[in-house]
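Right, one structure below, let's go through it.
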Amino acid sequence: MQNNLSLSAATRRLALAFAIASTLLAGVACSHKTNSSSMSNIDPTTVQATLDSLRVRYGDEAMPRAERSVPQAAALWTADDGTPQQFLSFCLDNFVADTAELWRMASTLQANLESLWGCFNKISVDLKLPLHVVGPEPTPLDEMFGGFDPSAHFDDDMYQQKIAFIVVLNFPFYSLEEKNQLGQNWTRRQWAYARLGDLFTSRVPASANQQLANQLAAADNYISNYNIMMGHLVDDQGNHLFPDMALITHWGLRDELKTHYNEGDSGLAKQRMIYQVMRRIIDQSIPAKVINCPDYNWNPYSNNVTDKDGATIQYSSEPDTRYQFFLDNFHAMQQVDRFNPRYPTAIARAFDQDMEVSYNEIEKLFTSFLSAPEVGQVAKFIEQRLGRKLEPFDIWYDGFKSRSTINEDELSAKTRSLYPNKEAFASKGMPSILSRLGFAPDKIKFICSHVTVDPSRGAGHAWESNMRSDNARLRTRIGDNGMDYKGYNIAVHEFGHNVEQTITLHDVDNYIMKGVPNTAFTEALAFVFQSRDLDFLGYKNSSNAKESLEALDIFWGCYEIMGVSLVDMYSWRWLYDHPDATVQQLKEQVIVIAQQVWNQYFAPYLGEKDSPILAIYSHMIDSPLYLPNYPYGHIIQFQLEQQLKDKNIADEIQRIYPAGRLTPQHWMRHAVGSEVSTKPLLDASAKALEQLLSENK
């Protein structure tokens with residue numbers, strides 16, 4: 001998510017339930033044994049007999065593929081699927097050696113998958129509408145339908161119909177290492193075959209899929225309705241520092257905090273109050289009565305609650321609900337773990353399978369960046385700009401952005417005037433953005449016609465379409481008096497996702513290759529859009545320091561979100577080491593981990609030892625292990641921005657993104673000519689500091 005890294009962190013989070021379900025549909029990458037192998041009734045003798053029979057029928061030319069695919073199919077075949085002799089006969093009847101027939105099979109599979117996945121997605125979008133889009137308060141029945149996963153039985157059905165075995169038999173799986181090594185010489189058709197090979201490599205039962213979908217939907221609903229009534233916060237003197245507004249945690253709170261950097265002592269008081277609210281949420285000492293309720297006044301320092309007449313109210317704190325959802329997510333993932341021996345944990349699936357970058361590689365990338373000397377240098381520069389010692393909430397310092405010099409009320413007045421409702425943003429805002437980026441009129445019309453705008457009940461998100469006859473969705477907060485600047489900023493970010501989603505669905509040559517390598521790559525384009533939000537409003541920054549400030553903005557955003565991501569990663573690792581943990585133990589450990597990461601990488605520059613602030617992100621609750629995609633996306637964004645420099649942005653987007661779902665490093669070599677690396681950002685930040693400091697002398 002962005003430097004504004006959050007709001008949109010909500011971005012595809014709401015689509016996560018379906019995304020994970022789709023991953024499960026697609027199976028878990030496993031080239032040899034799967035959970036089902038323990039139940040397989042196909043022994044090595046039958047496998048060899050099958051290969052010998054295929055060699056007799058098709059000759060040696062077909063054997064390299066058969067020698068890979070037949071053992072994979074055998075590992076998935078159980079007694080319920082047939083006898084060993086029936087397995088041999090099935091392979092002889094369904095292995096396709098002719099190249100033209102193989103492509104015809106691939107084309108049929110892709111057309112049918114688009115129909116199935118597209119309809120599953122459309123059903124899920126429709127059923128979740130009451131939960132995601134502003135309207136009447138959701139009922140318990142709405143929540144039940146919202147948790148329903150229409151794709152839950154897909155895997156079971158495909159195996160029962162033997163379709164999954166036909167796919168495995170003809171399109172074998174390649175490991176990530178093999179894709180990275182061999183893929184550089186593959187044709188686009190070979191890449192499509194390899195992605196078909198990712199589809200059916202484990203047998204996750206529908207019950208596990210549905211349990212996971214239900215749990216993620218419940219966690220999302222909890223977060224989407226977690227608002228703090230800012231006008232009812234009071235300080236020790238009884239002062240109300242904020243106007244009446246409901247801010248969702250953590251996105252709204254964080255973004256509100258960012259807006260007060262140019263208000264002197266009064267702004268600092270507001271930031272400190274928001275920080276205290278966040279601490280109460282993290283340790284669950286927040287009074288349950290004040291969550292999403294405007295009936296009480298709350299002092300987050302004393303934790304005192306009063307009614308509108310000033311009388312003190314007795315209350316109970318939130319009963320560790322936040323961490324109960326975290327723990328329930330873990331238990332739902334465990335049910336899926338049992339059927340994924342190659343990727344036996346949510347950690348392995350999130351990194352090795354979904355990101356196609358290992359946990360260790362990501363950890364090393366982040367910790368080396370957080371340990372870089374440039375961190376201290378940038379922190380000192382921010383301190384000089386603020387004229388005070390840094391405090392923990394300054395991880396969200398927003399002063400490198402052009403908008404930091406513009407009053408947000410002015411920006412909100414403009415966005416409300418331009419976009420009083422969703423129709424105005426759809427009909428005027430989106431076409432204007434694309435025009436300013438250099439898209440041709442026909443492409444502007446095409447993209448905008450494939451994006452639907454809705455007012456979001458939560459912070460905002462983008463939800464992709466999985467078939468070309470359907471639309472992508474853009475959701476952001478739109479008030480009764482129009483879209484304020486926060487909602488507009490989210491909308492621009494989400495529209496970046498929608499542009500990627502539309503291009504990589506309609507312009508990619510093979511349906512199975514639709515999308516991007518992982519969510520970091522769609523976040524990167526969303527960041528590109530979001531960083532230009534003021535340009536789209538007509539505010540031009542012609543300062544000589546613009547490029548330097550942009551580099552430092554991305555740098556500081558990476559610094560913040562890498563720390564948050566490590567907390568998420570280490571918390572999940574601890575859970576797998578302590579699978580019987582109670583909710584109280586989990587809460588205590590998440591806070592300890594947040595403090596440890598803070599003390600190692602943040603306290604030396606932002607003070608306050610043992611701050612738990614890195615544990616505030618809502619993604620940890622409703623989007624398991626999604627957070628590492630954001631800093632990875634920032635790194636990609638910076639390299640992408642370097643590529644876009646002095647070029648027509650629209651042309652470059654349309655050149656780069658139709659590459660589709662290659663592995664990350666292959667995609668980056670195609671896009672910018674080099675692999676993912678923090679070095680360009682570190683080098684640019686050091687250079688930016690040198691320039692800015694010399695100008696200030």
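Because only heavy atoms are used, hydrogens play no part in the values below, and waters and symmetry mates are left out as well, while side chains stay in. Since the model is a prediction, treat every value here as computed from it, not as a measurement.
- Of the N and O atoms on the side chains of Thr504 and Glu500, at least one donor lies less than 3.5 Å from an acceptor on the other residue.
- Defined by atom type and a distance below 3.5 Å, a donor-acceptor pair is present between the side-chain atoms of Asp328 and Gln324.
- A donor and an acceptor atom, one from each side chain of Ser224 and Asn221, are nowhere located under 3.5 Å apart.
- A donor-acceptor pair is defined here as one N or O able to donate and one able to accept, closer than 3.5 Å; such a pair exists between the side chain of Gln585 and the backbone of Thr582.
- The heavy-atom pair separating Ala524 from Ile636 by the smallest distance is CB-CG2, 3.7 Å.
- For the pairing with Arg203, the salt bridge (charged side-chain N to carboxylate O under 4.0 Å, His left out) check across Asp81, Asp157, Asp80 returns one residue only, Asp81.
- Side-chain N or O atoms of Tyr323 include one that pairs as donor or acceptor with a backbone N or O of Ile282 at under 3.5 Å.
- Remark: side-chain polar atoms of His250 are paired, donor with acceptor, to backbone N or O of Ser618 under 3.5 angstrom.
- With no hydrogens or angles considered, no side-chain donor-acceptor pair links Asp149 and Asn209 at under 3.5 Å.
- With hydrogens and angles disregarded, no donor-acceptor distance shorter than 3.5 Å links the side chain of Arg322 to the backbone of Ile621.
- With hydrogens and angles ignored, the 3.5 Å screen pairs no side-chain donor or acceptor of Asp354 with any backbone N or O of Asn518.
- Across Phe173 and Lys179, no two heavy atoms sit closer than the pair CE1-NZ, 3.9 Å.
- Minimum heavy-atom separation, Ala594 to Leu614: O-CD1, 4.1 Å.
- To the nearest 0.5 Å, atom OG of residue Ser465 and atom NE2 of residue His506 are 6.5 Å apart.
- With a 4.5 Å cut-off on side-chain heavy atoms, Ile286 and Tyr226 count as touching.
- In this pair, Phe165 and Tyr159 present their aromatic rings perpendicular. The plane angle is above 60°, beyond the 30 to 60° band.
- For the residue pair Asn471 / Thr452, a side-chain donor-acceptor distance below 3.5 Å is found, with atom types taken as modelled.
- Classified by interplanar angle (parallel below 30°, tilted 30° to 60°, perpendicular above 60°), the ring pair Phe90/Trp77 is tilted.
- Contact annotation: the side chain of Met144 never approaches that of Phe148 to less than 4.5 Å [non-hydrogen atoms, C-beta and beyond].
- What you find for Pro319 and Gln284 is that their closest heavy atoms are C-OE1, 4.5 Å.
- A donor-acceptor pair shorter than 3.5 Å can be found between the side chains of Gln501 and Asn498.
- Counting heavy atoms from C-beta on, the side chains of Leu131 and Asp220 never come closer than 4.5 Å.
- Using a 3.5 Å distance cut-off with no hydrogens or angles, the side chains of Gln215 and His331 do not pair a donor with an acceptor.
- Two residues are said to be in side-chain contact when any heavy atoms from C-beta on lie closer than 4.5 Å; Ser317 and Tyr315 meet this criterion.
- Of the possible donor and acceptor atoms, none in the side chain of Ser151 sits under 3.5 Å from a partner among the backbone N and O of Phe154.
- To the nearest 0.5 Å, atom CG of residue Asp126 and atom CD1 of residue Ile123 are 8.0 Å apart.
- Here the OG1 atom belonging to Thr502 is positioned 12.5 Å from the CZ atom belonging to Arg468, to the nearest 0.5 angstrom.
- Counting only heavy atoms from C-beta outward, the side chains of Phe351 and Met569 approach each other to under 4.5 Å.
- If you check the side chains of Gln335 and Gln211, you find no donor sitting under 3.5 Å from an acceptor.
- Residues Asn510 and Trp191 have side chains not in contact (no heavy-atom distance under 4.5 Å, counting atoms from C-beta outward).
- Classification of the His450-Phe446 ring pair by plane angle, with boundaries at 30° and 60°, yields tilted.
- With hydrogens and angles left out, the side-chain atoms of Ser124 and Lys128 include a donor and acceptor closer than 3.5 Å.
- In this structure the side chain of Ser69 reaches within 4.5 angstrom of the side chain of Leu169, judged on heavy atoms.
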**OP:** Show your reasoning for whether ring pair (Phe, Tyr, Trp, His ring centres under 6.0 Å) applies to His497 and Trp463.
**Re:** CA-CA 8 Å; His497 285 302; Trp463 192 310; over 10 Å; no

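- Judged purely by distance below 3.5 Å, without hydrogens or angles, the side chains of Arg475 and His461 pair a donor atom with an acceptor atom.
- A distance-only check finds no donor-acceptor pair linking the side chain of Asp454 to the backbone of Val134 [under 3.5 Å].
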Subject >> Chi angles and distances behind the side-chain contact (heavy atoms from CB on, under 4.5 Å) call for Thr249, Tyr617 >> reply: CA-CA 8 Å; Thr249 182; Tyr617 269 59; over 6 Å; no

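- By the 4.5 Å heavy-atom criterion applied to side chains, Asn121 and Met467 are not counted as neighbours.
- Nearest heavy atoms, Leu212 versus Ala332: CD1-CB, 4.0 Å.
- The salt bridge (Lys or Arg N to Asp or Glu O under 4.0 Å) pairs that include a residue from residues 578-588 are Asp320-Lys587, where partners are two or more places apart or lie in different chains.
- A parallel orientation is assigned to the rings of Tyr419 and Tyr488, their planes being inclined by less than 30° (bins at 30° and 60°).
- Side-chain atoms of Ser40 never come within 3.5 Å of backbone atoms of Thr78 as a donor-acceptor pair (strictly under, hydrogens ignored).
- Side-chain contact, Tyr576 with Asp337: a donor N or O sits under 3.5 Å from an acceptor N or O.
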Subject >> Candidate pair Tyr359 and Trp572, rule ring pair (Phe, Tyr, Trp, His ring centres under 6.0 Å), full reasoning >> reply: CA-CA 12 Å; Tyr359 179 102; Trp572 274 89; over 10 Å; no

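- Checking Glu523 against Tyr626 by side-chain atom types alone, a donor-acceptor pair falls below 3.5 Å.
- Side-chain N or O atoms of Arg457 include one that pairs as donor or acceptor with a backbone N or O of Gly135 at under 3.5 Å.
- If you check the side chains of Asn466 and Lys514, you find a donor sitting under 3.5 Å from an acceptor.
- One distance of note links OG1 of Thr108 with CD1 of Ile163; it measures 11.0 Å at 0.5 Å rounding.
- Under 3.5 Å, the side chains of Gln530 and Asn489 contain a donor-acceptor pair of N or O atoms.
- Under the side chain to side chain contact (heavy atoms under 4.5 Å, CB included) rule, Phe330 has a single partner from Leu586, Leu575, Thr345, which is Leu575.
- Nearest approach of Phe425 to Ala491, heavy atoms of both residues: CZ-CB, 3.7 Å.
- Leu129 contributes atom CG, which lies 8.5 Å from atom CZ of Arg473 (distance to the nearest 0.5 angstrom).
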**OP:** Given ring pair (Phe, Tyr, Trp, His ring centres under 6.0 Å), test His493 with Phe527 step by step and report yes or no.
**Re:** CA-CA 6 Å; His493 180 94; Phe527 296 147; 5.5 Å; yes

